[in-house]
Novice: 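This is the structure I have questions about; it appears just below.
Quick note: numbers below take in every heavy atom, side chains included, and nothing from hydrogens, waters or symmetry partners.
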Amino acid sequence: MSSSGQDGPTPPSSSTSQVSTHHRPPPHAQPPETMVEMKRRISATTSTNSNGESGSDRESDSSDLGLDTHELGHSGRDGIPLGEVTASTTTTTTTRLPIQDVEDEDEDDDDHSLISSRDSTAREARHGNENASGRLLDVRQTPTPRRRARKYARDEEDSVVRKFDRKLVLFLAALYLVSFLDRSNIGNARIAGMEDDLQTDPPKKDWYEWALSAFYISYIAFEWMSILWRIVPAHVYVFAIVMAWGLAASLQSITTSYPQLVFFRAVLGAGEAAFAGVPFYLSFFFKREELAYRTAMFISAAPLATSVASSVAWLILRVAGGGGNDAGVITPWRLLFLIEGMPSVVLAVVAWHKIPDTPEKASFLTPRERQVAKWRLKDEKKMLAAAPRGSPALDTAGANAAEKSRTKSKALAGLAALRDPGPWLTAAMLFLANMAYSSLPVFLPTVLTDMGYSPLEAQGMAAPPYLASFLSVLAVSGFSDASRSRSPYIVSSAMASSLGYLLLATSERLGFGDSVRYAAVYPAAMGFFNVVTLTIAWNINNGRGTAERGVGFVLLQVVGQCGPLVGTRLYPKEEKPYYTKGMATCCFAMFGAAVLAWGLRMWLSRVNAGLDLEEGTGDMEEGRGLVASAAGAGAGAGAGAESGGGGLGVVVAGREGRFRFML
């Protein structure tokens, strides 16, 4: 206890349960006070109160400010020994400072100081720092990153995210809209006269299917280019690939035979394959829990593009006077390719000036906002880098897996994704979903004409199901992000799609009319668009580190894009007007996607349970180590020996920032 007649601070007794490790030298010996020393003095004054205030009073007095005292003691600069902490044997006292006071002179020092403080703590424990009872306590060697002081206000972060949404995500969505427009408008061109104009002599009945397959064969062959988003500057990369597919899409209008069309479709597939890496690119700007909705904003352009393609085709046919008839100089299907291909060429030029390579190079952010964009992702990167590369509950490699993975090169770390069942299962899900995703948009106008509608009516009726799918993708992805869960929404969407295809497959046998068949298109389309969007986000969410996310995403695309090779062959002319086999195949495919999603959820739940079990024990060890470090440091300063040797309090670190697989 402190005495009123004594000068200077008095070592606290065991009744206060406080250990202070910092004593200021006499005023005459003290050099000019630095910023870090001022922070340290405030910390020590709060933790060692000579006026006898209670712990609760001290906590309440400092609760309005923003910094943990552990962070102040870990700076490792200006002569303050690394590893010093202010701790309690039963509680952790917190002192907070205004946000602007915790900004470092160099943000890169944060990583160094945090790591250095842990290394120093472990080193002191190995050299014999003991607690009051004389026992040497273990210090956890690879603790989970501790919660750090925020260098920015929450409204600053929200402002940065909103700017990314408005300036980056919406522009990428516009690019994806024109890419899917150029990919899927061939279905509208087919019933607008293209089939008759391009047929060879002698005719070949499956030329249209080959034109569709050429796109996806090229798409798969160039899927590896998705990983180049991390290598080539993004603004250069986007300009090149958008310009390439824009020219190919526009030049389809001058083809005179199906072989020429097949060539341009292959070039189009190569360009769009590279652009498929956009969700991976978005992970450079957004946190895990923010990614699904942004991916949805991007991919939702696909159903919107199909709706736009049908609407534009309807307008062109209406003005031209009908499908297949010459409208002056150019036929309707050629005009369709030209009008819907040229916007890509224009947007490619805009992309050169608008696309940022990294968050720090975003021209639409202020200098302060660029720093906030960098800082807000820093802790998440540390968490992902510290995450185990195996499944602790199932992998016998055990505790050494995470430590060994840190020493691997980025290339070897990326290959770890190939040993993880997660990317393989999401790739299989995308394969199944893509069978429907790639086929219905390019065959629906044909299916509608086979129901008895005119080409003009079929173009108009093809638009509403995809407009509904656009709204569905945004809503479902928003709910998924809010709940930080993927599998329940994937399973429910896949089952809804499977039900829609079941109605279409059984319509001939059960005698359903055209109105029921058309209504069944809505859940079928809405379901597979949701599944594709959330599966891509789920794959990226569970990648631990940039290298693994990149390899996992390429695996997802290479395997998943094989689905369209099957999907584009599901609706041969011989099966019209009901196309029973194709509808039944998509029904089973979507049901299979639901089963795989649920199975992946079960497996990831087991892995997360293993991480909880392992880190639950680690929490106890880390807590004892922190107390031991504080007690040892206090003993070295002459105060720890009087703190009492009664039992040890356990400081259990919070679970914020710890990596867990998203379910």
Novice: Would the distance check show the side chain of S218 and the main-chain N or O of A270 forming a donor-acceptor pair, the cut-off being under 3.5 Å?
Specialist: yes
Novice: Treating E369 as the side-chain partner and T366 as the backbone partner, does any N or O pair qualify as donor plus acceptor under 3.5 Å?
Specialist: yes
Novice: Check this for me: Y522, atom OH, are more than 12 non-hydrogen atoms of other residues, nucleotides or ligands nearer than 6.0 Å?
Specialist: yes
Novice: I241 and A274: which non-hydrogen atoms are nearest, and at how many Å?
Specialist: CG2-CB, 3.6 Å
Novice: Short question: side chain of S498, backbone of A494 - any donor-acceptor pair under 3.5 Å?
Specialist: no
Novice: Indicate the ring-plane relationship of F285 and F164, choosing parallel, tilted or perpendicular according to the 30° and 60° boundaries.
Specialist: perpendicular
Novice: Would you indicate whether the side-chain heavy atoms of Q371 and P367 approach each other to under 4.5 Å?
Specialist: no
Novice: Given side-chain contact (heavy atoms from CB on, under 4.5 Å), test V473 with V532 step by step and report yes or no.
Specialist: CA-CA 10 Å; V473 166; V532 169; over 6 Å; no
Novice: Checking S250 side chain against G246 main chain: does a donor-acceptor pair fall under 3.5 Å?
Specialist: yes
Novice: Taking the six-membered ring for Trp and the single ring otherwise, decide whether the centroids of W229 and F280 are under 6.0 Å apart.
Specialist: no
Novice: Which atom pairs, one a donor and one an acceptor, fall under 3.5 Å between side chains of residues 552-559 and the rest of the protein, sequence neighbours left out?
Specialist:
residue, atom, partner, partner atom, Å
Q557, OE1, Q561, NE2, 3.2

Novice: With the side chain counted from C-beta on, respond yes when Q252 and F263 share a heavy-atom pair under 4.5 Å apart, and no when they do not.
Specialist: no
Novice: State, without any angle test, whether W245 and S344 hold a side-chain donor-acceptor pair at a distance under 3.5 Å.
Specialist: yes
Novice: Show your reasoning for whether salt bridge (Lys or Arg N to Asp or Glu O under 4.0 Å) applies to K287 and E157.
Specialist: CA-CA 12 Å; K287 297 178 180 179; E157 180 180 16; 2.9 Å; yes
Novice: Under a 4.5 Å cut-off applied to non-hydrogen side-chain atoms, are F171 and V350 in contact?
Specialist: yes
Novice: Flag yes if more than 12 heavy atoms outside K163 fall under 6.0 Å of its NZ atom; otherwise flag no.
Specialist: yes
Novice: I'd like to check S363 versus K354 (side-chain heavy atoms, cut-off strictly below 4.5 Å). Are they in contact?
Specialist: no
Novice: D481 vs R486, test: salt bridge (Lys or Arg N to Asp or Glu O under 4.0 Å). Steps then yes/no.
Specialist: CA-CA 8 Å; D481 265 356; R486 305 286 182 244; 3.1 Å; yes
Novice: Got a donor-acceptor contact below 3.5 angstrom from the N185 side chain to the F337 backbone?
Specialist: no
Novice: Apply side chain to side chain contact (heavy atoms under 4.5 Å, CB included) to A597 and list each qualifying residue two or more places apart in sequence or on a separate chain.
Specialist: M429, I490, V491, W538
Novice: Quick check on F364: does its CZ atom have over 12 non-hydrogen neighbours (other residues, nucleotides or ligands) under 6.0 Å away?
Specialist: yes
Novice: Quick check: does any side chain N or O of S439 sit under 3.5 Å from a backbone N or O of M435, one acting as donor and the other as acceptor?
Specialist: yes
Novice: So, applying ring-ring contact (aromatic ring centres under 6.0 Å, His included) with F180, which one of F275, Y466, Y437 is it?
Specialist: Y437
Novice: Any salt bridge between E290 and R376, counting N to O under 4.0 Å?
Specialist: yes
Novice: Would R370 and E360 count as a salt bridge (Lys or Arg N to Asp or Glu O under 4.0 Å) if you check the C-alpha gap in whole Å, the side-chain angles of each, and the deciding distance to 0.1 Å?
Specialist: CA-CA 5 Å; R370 292 173 195 157; E360 296 85 4; over 6 Å; no
Novice: Do R265 and W210 form a cation-pi contact, if we require the NZ or CZ to be under 6.0 Å from the six-membered ring centre and within 45 degrees of the ring's axis?
Specialist: no
Novice: Taking E156's backbone N and O only, do any of them form a donor-acceptor pair with S159's side chain (distance below 3.5 Å, no angle check)?
Specialist: no
Novice: Just wondering, are more than 12 heavy atoms of other shown residues or ligands nearer than 6.0 Å to CZ in R166?
Specialist: yes
Novice: Would you kindly say whether Y489 and S483 are connected by a side-chain donor-acceptor distance under 3.5 Å?
Specialist: yes
